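This report refers to the structure that appears directly beneath it.
In this text the structure is predicted, and so the values were computed from the model without any measurement.
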Amino acid sequence: MNSSSIVVLTGAGVSAESGIETFRGPKGLWEGHSIDEVATPEAFLKNPKKVQTFYNERRKKLLMGSVFPNKAHLALAKLEAKWPGTVLIVTQNVDNLHELAGSKNVLHIHGSLLEARCTQTDKVYFPWKEAILKTTKCACCDLAGTLRPNIVWFGEMPFELPRIFEAIEQSSWFISIGTSGQVYPAAGFVEHARLHSKATTVELNLEPSMLSHLFADKHYGPATETVPDYIEGLLLESTSM
């Protein structure tokens with residue numbers, strides 16, 4: 001990465017205006033389900049059918065063509081296309097809206113609804129567009145019932161952490177968009193930027209997060225407004241670099 005690289009962390013607030021429910025909903029529910037019911041390894045062991053059904057329905061919603069990237073996703077894709085340095089999007093979201101908007105350099109720290117993983121071999125299948133059922137056979141082990149969504153559940157290690165920390169250390173901007181600042185290790189990225197790089201730290205959020213005091217630059221409002229406005233300013237700045 002070069003001296004003008006940007007690392008962008010995105011959370012549920014980016015996709016909320018596209019109609020995708022945020023992770024921390026009312027009363028600790030996620031689309032009507034307790035997190036303990038559908039987002040832990042223990043839940044999967046206890047009731048795999050219920051967990052698979054939950055993710056099958058969310059995957060189906062993505063593939064029905066009823067959910068679209070919004071202005072925030074499109075602005076980030078524009079930033080990647082026009083910025084003279086490198087732009088890396090690290091997303092906590094499991095949807096594919098960044099990619100649909102045109103972003104290419106995207107890391108899904110919590111996995112993707114469009115991936116399946118074999119619990120016997122750890123082989124990942126992408127793109128995965130079908131429902132995962134008890135009878136679904138895995139191509140690598142030829143066994144039924146071994147596939148699971150390639151989603152990071154509570155108690156599991158997020159993906160690509162070494163690469164992300166290295167990118168933050170070499171960045172000139174660290175921009176956090178639509179995150180609550182409650183889920184680690186992603187919540188620790190801004191502190192890592194402050195300690196290990198000279199990056200300008202920016203928070204774009206609907207309201208101040210729990211970590212807002214750690215950001216040097218802050219802008220609050222809907223992502224479809226704050227993100228395009230901030231990115232237009234960055235791109236204007238880049239013409240004088």
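Residue H73 holds its NE2 atom at 8.5 Å from OG of S103, rounded to the nearest 0.5 Å. With rounding to the nearest 0.5 angstrom, the OG atom of S112 is 13.0 Å from the CH2 atom of W128. Rounding to the nearest 0.5 angstrom, the gap separating the CD atom in E169 from the OG atom in S5 is 11.5 Å. To the nearest 0.5 Å, the span separating CH2 on W173 from OG1 on T201 amounts to 12.5 Å. For the atom pair T91 OG1 and L107 CG, the distance stands at 10.0 Å (nearest 0.5 Å). Of the inter-residue distances, the one linking T224 atom OG1 with D229 atom CG reads 9.5 Å to the nearest 0.5 angstrom.
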Got a list of side-chain donor-acceptor pairs under 3.5 Å for residues 193-200, not counting sequence neighbours?
unit_1 : atom_1 : unit_2 : atom_2 : d
R194   : NH1    : L214   : O      : 3.1
S197   : OG     : A193   : O      : 2.9
S197   : OG     : A199   : N      : 3.1

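K82 is linked by a side chain to side chain contact (heavy atoms under 4.5 Å, CB included) to K78, L235, counting only residues two or more places apart in sequence or in another chain.
Within the structure, side-chain hydrogen bond (donor to acceptor under 3.5 Å, both in side chains) contacts touching residues 132-154 (residues at least two apart or in different chains) are Y55-W153, E115-N150, R117-N150, R148-E156.
Contact detail for P69 and S18: the closest heavy-atom pair is C-OG, 3.9 Å. Of all the heavy atoms in L113 and R59, the pair that sits closest is O-NE, 2.8 Å. Residue A187 comes nearest to G181 through the heavy atom pair CB-O, 3.6 Å, listed as atom of the first residue, atom of the second, then distance. The two residues H108 and D95 have their closest heavy-atom pair at CE1-O, 3.0 Å. The two residues L45 and P48 come nearest to each other via the heavy atoms O-CD, 3.9 Å. Heavy-atom minimum distance, S4 versus G85: OG-CA, 3.4 Å.
Heavy-atom contacts from other residues, nucleotides or ligands closer than 6.0 Å to CD of E191 number more than 12.
With a 4.5 Å cut-off on side-chain heavy atoms, I109 and V152 do not count as touching. In this structure the side chain of I89 never reaches within 4.5 angstrom of the side chain of N105, judged on heavy atoms. Between L63 and L114, some side-chain heavy-atom pair lies under the 4.5 Å cut-off. Using a 4.5 Å cut-off on side-chain heavy atoms (C-beta onward), L133 and N56 make contact. Side-chain contact between Q170 and T86 is absent, with no heavy atoms from C-beta onward closer than 4.5 Å. Side-chain contact between T53 and K49 is present, with at least one heavy-atom pair separated by less than 4.5 Å. Contact annotation: the side chain of F189 never approaches that of S176 to less than 4.5 Å [non-hydrogen atoms, C-beta and beyond]. When side chains are defined from C-beta on, C138 does not count as touching Q120, because their heavy atoms never get closer than 4.5 Å.
Side-chain atoms of Q52 come within 3.5 Å of backbone atoms of L147 as a donor-acceptor pair (strictly under, hydrogens ignored). In this structure a side-chain-to-backbone donor-acceptor pair under 3.5 Å is missing from Q92 to T179. For N205 (side chain) and Y220 (main-chain N/O), no donor-acceptor pair under 3.5 Å exists by modelled atom type. Side chain of Q182 to main chain of M210: no donor-acceptor pair is present (N/O by atom type, distance under 3.5 Å, no hydrogens or angles).
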Starting from the C-alpha separation in whole Å, work towards a yes-or-no answer on side chain to side chain contact (heavy atoms under 4.5 Å, CB included) for F68 and L100.
-> CA-CA 8 Å; F68 303 97; L100 288 178; over 6 Å; no
Check against side chain to side chain contact (heavy atoms under 4.5 Å, CB included), L97 and I20 = CA-CA 10 Å; L97 297 185; I20 294 180; 3.8 Å; yes
Start with the C-alpha distance between V90 and I168, add both sets of side-chain angles, then the distance that settles side chain to side chain contact (heavy atoms under 4.5 Å, CB included), and finish with yes or no.
-> CA-CA 10 Å; V90 178; I168 290 172; over 6 Å; no
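Look at E37 and K50 and you find a salt bridge, because one of the NZ, NE, NH1 or NH2 atoms lies within 4.0 Å of a carboxylate O, short of that distance.
Clustering ILVMFWY residues whenever any of their side-chain heavy atoms sit less than 4.5 angstrom apart, transitively, puts I151 in the very cluster that holds L62. V8 and L234 fall within a single hydrophobic cluster, where Ile, Leu, Val, Met, Phe, Trp and Tyr are joined by side-chain heavy atoms under 4.5 Å apart, directly or via other members. There is no path of hydrophobic side-chain contacts, each under 4.5 Å, that joins Y230 to L236. Note on Y184 and F159: separate hydrophobic clusters, where clusters join Ile, Leu, Val, Met, Phe, Trp and Tyr whose side-chain heavy atoms are under 4.5 Å apart, directly or indirectly. Residues L74 and I177 do not share a hydrophobic cluster, defined by chaining ILVMFWY side chains whose heavy atoms lie under 4.5 Å apart.
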